[in-house]
Amino acid sequence: QVQLAESGGGSVQAGGSLRLSCAGFGVTYYSSFCMGWFRQAPGKEREGIAIIYLRDGNIFYADSVNGRFTISEDNAKLFLQMNSLRPEDTAMYYCARHSYAGNCMNRRPKAADFGYWGQGTQVTVSS
């Protein structure tokens with residue numbers, strides 16, 4: 001059973017770092033699914049920022065976070081290390097698992113393709 005729960009959000013000044021965690025992917029076949037992190041700022045669409053497919057190690061990063069954020073996995077938990085944070089990174093951050101098994105990296109990840117979501121954790125970056 002997949003029940004996702006994020007932790008690690010908070011408030012930080014620009015240039016600082018945070019590490020988000022997500023648990024609840026279950027242990028059976030979890031590596032067969034794309035999983036990752038989305039964020040949603042007020043008035044904006046939910047965007048995929050870091051997605052991983054463990055079976056072949058494929059990773060997607062949105063241009064806005066590439067080089068600053070790192071997605072990783074350990075023991076069926078998902079992490080997002082966020083460095084050099086900027087005020088524009090302020091958003092609710094969600095972890096998610098794709099609805100269907102297989103490599104989802106043939107196109108830009110869309111929130112509609114991910115059927116399992118955590119409740120979200122707020123990240124606020126002040127200037």
- Query: In chain order, what residues pass the salt bridge (charged side-chain N to carboxylate O under 4.0 Å, His left out) check against R19, with sequence neighbours excluded?
  - Reply: none
- Show your reasoning for whether side-chain contact (heavy atoms from CB on, under 4.5 Å) applies to L4 and W117. CA-CA 6 Å; L4 304 180; W117 295 89; 5.6 Å; no
- Among Y116, Y94, F114, find the residue that satisfies the ring pair (Phe, Tyr, Trp, His ring centres under 6.0 Å) test when tested with F38. F114
With a 4.5 Å limit on heavy-atom distance, are the side chains of [X] and [Y] in contact?
X	Y	answer
L85	N83	no
L54	M35	yes
I51	I59	no

What distance separates [X] [atom1] from [Y] [atom2], expressed to the nearest 0.5 Å?
X	Y	atom1	atom2	answer
R108	D113	CZ	CG	13.0 Å
H98	S32	NE2	OG	13.0 Å
Q3	Q119	CD	CD	11.0 Å
E6	C22	CD	SG	5.0 Å
R68	S17	CZ	OG	10.5 Å
R46	K110	CZ	NZ	15.0 Å

- Query: Where does the angle between the aromatic ring planes of F69 and Y93 fall among parallel (under 30°), tilted (30 to 60°) and perpendicular (over 60°)?
  - Reply: tilted
- Query: Would L78 and W37 count as a side-chain contact (heavy atoms from CB on, under 4.5 Å) if you check the C-alpha gap in whole Å, the side-chain angles of each, and the deciding distance to 0.1 Å?
  - Reply: CA-CA 9 Å; L78 197 65; W37 295 92; 3.6 Å; yes
- Query: Checking side-chain contact (heavy atoms from CB on, under 4.5 Å) for the pair T70/Y61: CA distance, chi angles, key distance, verdict?
  - Reply: CA-CA 8 Å; T70 302; Y61 290 109; 3.8 Å; yes
- Could you pull out the closest heavy-atom pair between S99 and G115, with the gap in Å? OG-N, 2.9 Å
- State whether F33 and R97 meet the cation-pi test: NZ (Lys) or CZ (Arg) under 6.0 Å from the six-membered ring centroid, and within 45° of the perpendicular axis. yes
- Task: Spell out, yes or no, whether M92 and V65 are grouped together once hydrophobic residues are joined by side-chain heavy atoms under 4.5 Å, including indirect joins.
- Result: no
- Item | The single option from L20, T121, V123, D89 passing side chain to side chain contact (heavy atoms under 4.5 Å, CB included) against R39 | D89
- Message: Donor-acceptor pair, distance only, cut-off 3.5 Å: does the side chain of T90 make one with the backbone of V125?
- Response: yes
- Query: Is the number of heavy atoms from other residues, nucleotides or ligands under 6.0 Å of F79 CZ greater than 12?
  - Reply: yes
- Heavy-atom neighbours of D56 CG exceed 12 at 6.0 Å: yes
